[in-house]
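Inspection log for the structure reproduced underneath, given as structure tokens.
Sequence lines set the chain letters: A, B, ... in the order given, protein chains first and strands last, and positions in each chain run from 1.
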2 protein chains.
Amino acid sequence: MSRADTKERILDAAERLFGAEGFHNTSLRGLTSAAGVNLAAVNYHFGSKEALLEAVFERRLVPLNRVRRERLEAVREAARRDRVLPGAADVLRAFIEPTLHFCKMEPGAESFLPLVGRALAEPDDTIRKIFLRHMEPLFLLLYETLCEALPRLSRTQIFWRLHFTIGAMGHTMCMNGRFKILPPGVETPSDAAFLTQVLLDYIVAGMEAPCA
Amino acid sequence: MSRADTKERILDAAERLFGAEGFHNTSLRGLTSAAGVNLAAVNYHFGSKEALLEAVFERRLVPLNRVRRERLEAVREAARRDRVLPGAADVLRAFIEPTLHFCKMEPGAESFLPLVGRALAEPDDTIRKIFLRHMEPLFLLLYETLCEALPRLSRTQIFWRLHFTIGAMGHTMCMNGRFKILPPGVETPSDAAFLTQVLLDYIVAGMEAPCA
DNA sequence: GTCTATAGATTGATAGAC
DNA sequence: GTCTATCAATCTATAGAC
């Protein structure tokens with residue numbers, strides 16, 4: 001290695017560019033040039049462009065999902081101990097808070113959010129699969145925990161509502177700092193803690209809504 | 001023209017492929033081959049790949065947005081006449097119902113939904129701009145109408161909640177019939193009327209939620 | 001590990017015959 | 001309007017010198 005770890009430099013640039021310009025719209029030439037490394041370095045260190053994408057997801061999602069899983073399990077355990085149902089607000093906060101916290105603490109990780117938001121809407125199955133391989137078990141745990149928290153609702157209802165929730169989160173991550181125009185009267189671009197609270201107010205109410 | 005309007009055949013194939021595989025991941029060769037027309041036809045009829053995307057959006061969004069605008073104005077007008085505030089549920093239904101109705105009536109238009117959902121998450125500014133040029137005035141009308149309907153909330157709160165709502169809708173459109181695996185106990189893949197109601201229950205509750 | 005040079009395939013777009 | 005043939009640019013990936 002010459003400068004501060006070539007592999008990390010590539011991962012950082014890939015995370016940013018794949019999220020900001022899209023996977024297929026990012027060339028290895030532009031990527032290696034932005035990272036300040038040689039064109040051949042991607043294939044030397046990762047094997048292919050697709051394997052690089054996989055490494056980008058893995059670097060963030062493995063530690064992040066461990067924290068989210070722990071917090072979800074903690075909510076379940078606390079409810080079991082107190083012999084009450086888990087609260088939908090606690091469940092959803094356990095999933096969401098680590099996401100924004102993680103991406104604020106890890107330097108450079110804030111550009112990971114748009115990539116995740118984008119992966120959720122990705123039509124290319126190859127890319128979706130790489131992302132979902134990491135997320136699917138956790139989505140399933142979240143889903144089952146919400147079913148415990150909301151026994152009044154059918155599993156089908158909860159499935160769709162979780163789907164809407166993921167869409168709301170994903171879209172918010174996509175737009176992370178990308179708003180061009182704000183309607184008059186809208187002040188704050190995005191304070192993480194404020195945004196988390198506004199999002200939680202919304203999705204908790206949506207999840208707990210009565211059926212028409 | 002030789003067979004049933006070449007231009008329409010290209011538009012149909014583009015709508016489907018841009019939504020299913022992404023704009024940058026769709027080649028003109030694959031597109032014209034799927035449409036059963038000659039490779040050069042795209043550039044002859046539309047000028048460029050990007051101009052074709054613009055035409056795809058225009059064909060659907062111009063008539064659809066006219067209906068959505070009329071229904072939004074009707075809700076406002078009815079509220080003004082009765083000297084009451086417009087109801088958030090009526091406002092949101094006025095926006096959502098025409099979307100699904102339109103795409104069920106117009107033959108082939110159901111493949112337009114994934115394209116719209118995808119455009120919302122699109123990182124490429126060129127593509128986003130084409131889409132938003134048609135949507136932005138309508139989003140603004142929807143936003144202002146929601147501000148009338150929910151005077152208890154700040155404009156900032158409503159802005160973000162509308163943002164979540166659009167995310168939930170967009171993600172649902174993206175996934176239109178693309179679910180690979182459903183958790184056990186989830187029955188219905190997607191009946192349009194049922195899905196609209198489940199979505200409305202969710203977003204109306206989210207919009208009207210109290211602030212923490 | 002890093003670099004240059006390049007292979008090999010694919011892309012959007014166009015010129016010109018019909 | 002439709003077609004074939006092709007250009008010029010770009011892409012991912014790799015071989016081989018250092």
Query raised in the report: Taking NZ, NE, NH1 and NH2 as the nitrogens, is one of them in Glu21(A) or Arg16(A) under 4.0 Å from a carboxylate oxygen of the other?
Result: no

Report task. Output yes when at least one side-chain N/O atom of Asn38(B) is less than 4.0 Å from OP1 or OP2 of dG1(D), else no. Result -> no

Query raised in the report: Are Arg155(A) and Glu144(A) ion-paired here, with the side-chain N under 4.0 Å from a carboxylate O?
Result: yes

Requested in this report: Rounded to the nearest angstrom, tell me the gap between atom CG in Leu28(B) and atom P in dT6(D).
Outcome: 20 Å

**Report entry** Whole-Å gap separating C1' (dG12(C)) and CZ (Phe23(B))
**Finding:** 10 Å

Requested in this report: Nearest whole angstrom, please: distance from the P of dG1(C) to the CZ of Phe46(A).
Outcome: 12 Å

Report task. Indicate whether OP1 or OP2 belonging to dT11(C) is found under 4.0 Å from a side-chain N or O atom of Ser27(B). Result -> yes

Query raised in the report: When you measure from the side chain of Thr6(B), which nucleotide among dG1(C), dA13(C), dT2(D) comes out closest?
Result: dT2(D)

Query raised in the report: Below 4.0 angstrom, N of the basic side chain to O of the carboxylate: do Arg9(A) and Asp12(A) qualify?
Result: no

Query raised in the report: Looking at dT14(D), dA13(D), dA13(C), which one has an atom nearest to any side-chain atom of Ala40(A)?
Result: dT14(D)

**Report entry** Per Tyr44(A) side chain, nearest of listed nucleotides dA13(D), dA5(D), dT2(C)
**Finding:** dT2(C)

**Report entry** Atom-to-atom span, CG of Leu31(A) to C1' of dC11(D) - whole angstrom
**Finding:** 13 Å

Requested in this report: Classify the nucleic acid contact of Thr32(B) as base, sugar-phosphate or nothing, counting any heavy atom under 4.0 Å across all strands shown.
Outcome: nothing

Query raised in the report: Once you round it to whole Å, what is the distance between C1' of dC3(D) and CD1 of Ile10(B)?
Result: 13 Å

Query raised in the report: If you check the His45(B) side chain, which of dG1(D), dG1(C), dG12(C) turns out closest?
Result: dG1(D)

Query raised in the report: Within this structure, what is the CD-to-C1' distance between Glu50(A) and dC11(D), rounded to whole angstrom?
Result: 15 Å

Report task. Starting from P on dT14(D), measure out to CG on Leu39(A) and report it in whole angstrom. Result -> 12 Å

Query raised in the report: Is the closest basic N to carboxylate O distance between Glu54(B) and Arg133(B) below 4.0 Å?
Result: yes

Query - His101(A) NE2: over 12 foreign heavy atoms closer than 6.0 Å - result: no

Query raised in the report: Considering only dT14(C), dT6(D), dT2(C), which nucleotide approaches the side chain of Asn43(B) most closely?
Result: dT14(C)

Query - d(CZ, Arg29(B); P, dG12(C)) in whole Å - result: 7 Å

